[in-house]
Amino acid sequence: GVIYNRLILWLIDTEGKCKLQFDDAKGYYFMAEVINSIDYEEFYETGTFTVIFSASPFRSSNTYQGNYLLWDDFNFLEDVLQKTDFVIEFGTEDIVIVNKGKRITPIIKVHKGSVRITRDSYTTPSLGVGEHKDFNLFLKKGENSLRIQASGKSRVEFLFRKETI
C-alpha cells in the first residue's frame, strides 16, 4: 500500500517530460514521461511493477560541452576539449566550436559588455548581459566557424549539451 502509493507519486507526479537516467548510459539522460498506468504486484516484502515511458530518441550529456566537461565523463572517441568561454576586447574574434551531437541551439551567455555573433550569413542582434537563445544561430554537427563582434571589453560563453543517439 504505502510503498506502492509513494512509487506511483514519484513516477507520475511531474509536469511533462523529465530526466530519465540509466546506469548503463553514464553521463547522459533522456527526456521522458510515464505513459501508462503502473501495474504493481506485491510479494511479501518485495514487489514488481511495469512502467512504460515515452522518451526522446536522443540522449543529452549531463554536462555542458567545453569548459565544464568533467574528466570522469570524458569519452575519447566522442568528446572534444574546447574553449567555449571567450573574453574579447574591442573588435572581432573568429572562433570555432565543435558540436559532436545533432544540430542544437546554444544558450549564449553574455557576462560582460555586448556582442553580435555571425555564423555563415546570419548575424544576431546586439546581445547584452544575460542569457540569450537565438534559434537562427544554431550549431550544426561538426565544426562551426563563428565571428564575435564586441563593443567594449566583453565576455561571452556558449552553453550547450551534446545530444546524440
Side-chain angles (χ1 to χ4, degrees), residues 10-11 13-35 51-165:
W10 174 69
L11 285 168
D13 189 26
T14 61
E15 293 182 26
K17 293 188 176 188
C18 296
K19 290 181 180 180
L20 174 64
Q21 290 188 268
F22 294 100
D23 291 342
D24 62 348
K26 185 180 177 202
Y28 291 92
Y29 64 87
F30 295 86
M31 293 305 292
E33 65 184 328
V34 175
I35 61 168
V51 180
I52 299 174
F53 294 96
S54 171
S56 166
F58 295 98
R59 59 187 178 148
S60 297
S61 174
N62 285 333
T63 56
Y64 288 120
Q65 296 297 288
N67 298 343
Y68 303 111
L69 193 62
L70 300 175
W71 189 252
D72 290 344
D73 293 335
F74 189 79
N75 180 323
F76 287 92
L77 299 175
E78 297 178 356
D79 293 326
V80 176
L81 287 175
Q82 63 182 323
K83 187 174 180 178
T84 57
D85 192 340
F86 304 91
V87 174
I88 300 138
E89 299 290 337
F90 295 94
T92 64
E93 184 171 334
D94 292 326
I95 64 167
V96 173
I97 293 183
V98 178
N99 175 20
K100 295 294 276 191
K102 72 177 186 92
R103 178 179 137 160
I104 193 163
T105 302
I107 296 169
I108 302 166
K109 187 171 185 178
V110 180
H111 295 274
K112 181 179 181 180
S114 65
V115 297
R116 293 177 56 153
I117 301 165
T118 302
R119 181 183 169 279
D120 297 333
S121 61
Y122 176 75
T123 301
T124 66
S126 183
L127 305 174
V129 173
E131 291 187 359
H132 309 274
K133 200 156 190 168
D134 185 330
F135 290 98
N136 292 313
L137 185 81
F138 57 86
L139 300 175
K140 64 182 181 188
K141 184 174 183 171
E143 290 188 0
N144 293 271
S145 297
L146 304 172
R147 172 168 282 171
I148 304 171
Q149 299 168 302
S151 57
K153 186 173 182 179
S154 300
R155 178 177 165 219
V156 62
E157 182 177 14
F158 295 87
L159 301 172
F160 65 100
R161 299 176 193 277
K162 180 173 60 175
E163 292 187 9
T164 186
I165 290 188

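Bear in mind that the values here come from a model prediction, so they are computed numbers and not experimental data. Values below: all heavy atoms of this structure, side chains included; hydrogens, waters and symmetry mates excluded.
Scored by the side-chain hydrogen bond (donor to acceptor under 3.5 Å, both in side chains) test, Glu131 finds no partners at all (sequence neighbours excluded). Applying the salt bridge (charged side-chain N to carboxylate O under 4.0 Å, His left out) test to Lys102 and every residue at least two apart in sequence or in another chain returns Glu163. Taking Ser145 as the reference, nothing meets the side-chain hydrogen bond (donor to acceptor under 3.5 Å, both in side chains) condition, with sequence neighbours excluded. Listed by chain and number, the residues in a salt bridge (charged side-chain N to carboxylate O under 4.0 Å, His left out) with Lys153 are Glu89 (sequence neighbours excluded). Remark: Phe90 engages no residue in a side chain to side chain contact (heavy atoms under 4.5 Å, CB included) (not counting sequence neighbours). For Arg59, the salt bridge (charged side-chain N to carboxylate O under 4.0 Å, His left out) partners two or more places apart in sequence, or in a different chain, are Glu78. Val129 is linked by a side chain to side chain contact (heavy atoms under 4.5 Å, CB included) to nothing, counting only residues two or more places apart in sequence or in another chain. Listed by chain and residue number, Arg116, Ile117, Tyr122, Leu127, Asp134, Leu137 satisfy the side chain to side chain contact (heavy atoms under 4.5 Å, CB included) test with Thr124 (two or more places apart in sequence, or in another chain). Among residues two or more places apart in sequence or in another chain, the side-chain hydrogen bond (donor to acceptor under 3.5 Å, both in side chains) test is passed with Arg119 by Asn144. Every residue two or more places apart in sequence or in another chain that forms a side-chain hydrogen bond (donor to acceptor under 3.5 Å, both in side chains) with Asp94 is listed here: Arg147. Ser114 is linked by a side chain to side chain contact (heavy atoms under 4.5 Å, CB included) to Ser126, Ser151, counting only residues two or more places apart in sequence or in another chain.
Between Ser54 atom OG and Leu20 atom CG the span is 11.0 Å, to the nearest 0.5 Å. Summarising the geometry, atom CD belonging to Gln149 is positioned 12.5 Å from atom CD belonging to Glu93; distances are rounded to the nearest 0.5 Å. Here Ile148 contributes atom CD1 and Thr118 contributes atom OG1; the two are 10.0 Å apart, rounded to the nearest 0.5 Å.
Between Ile108 and Val156, the closest side-chain pair of non-hydrogen atoms falls below 4.5 Å. Taking the side chain as every heavy atom from C-beta outward, Tyr64 and Thr84 never approach each other to under 4.5 Å. Taking the side chain as every heavy atom from C-beta outward, Phe53 and Val34 approach each other to under 4.5 Å. Here the side chains of Phe160 and Ile107 are not in contact, with every heavy-atom distance at 4.5 Å or above. Side-chain contact between Thr164 and Lys100: absent, with no pair of heavy atoms (C-beta onward) separated by less than 4.5 Å. You'll find the side chain of Phe158 reaches within 4.5 Å of the side chain of Phe86, heavy atoms only. Between Phe138 and Asn99 the shortest side-chain heavy-atom distance does not fall below 4.5 Å.
With Arg161 contributing its side chain and Asn62 its backbone, the two residues share a donor-acceptor pair below 3.5 Å.
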Full working for side chain to side chain contact (heavy atoms under 4.5 Å, CB included) between Ser60 and Tyr29: CA-CA 5 Å; Ser60 297; Tyr29 64 87; 3.5 Å; yes
Side chain to side chain contact (heavy atoms under 4.5 Å, CB included) between Tyr28 and Ser61, worked out: CA-CA 4 Å; Tyr28 291 92; Ser61 174; 4.2 Å; yes
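The number of heavy-atom neighbours closer than 6.0 Å to CD of Glu143, taken from other residues, nucleotides and ligands shown, is 12 or below. Within 6.0 Å of atom NZ in Lys112, 12 or fewer heavy atoms from other residues, nucleotides or ligands are found, so the atom counts as exposed in its surroundings.
Between Lys17 and Met31, the closest heavy-atom pair is O-CE, 3.5 Å. For the residue pair Gly128 and Val110, the shortest heavy atom distance occurs at O-CB, 3.3 Å. Arg155 and Val87 get closest at one heavy-atom pair: CG-CG2, 4.0 Å. Residue Ser154 comes nearest to Val115 through the heavy atom pair CB-CG1, 3.8 Å, listed as atom of the first residue, atom of the second, then distance. Annotation for Ala55 and Phe30: closest pair CB-CB, 4.5 Å, computed over non-hydrogen atoms. When all heavy atoms are compared, the tightest approach of Ile104 to Pro106 is O-CD, 3.6 Å.
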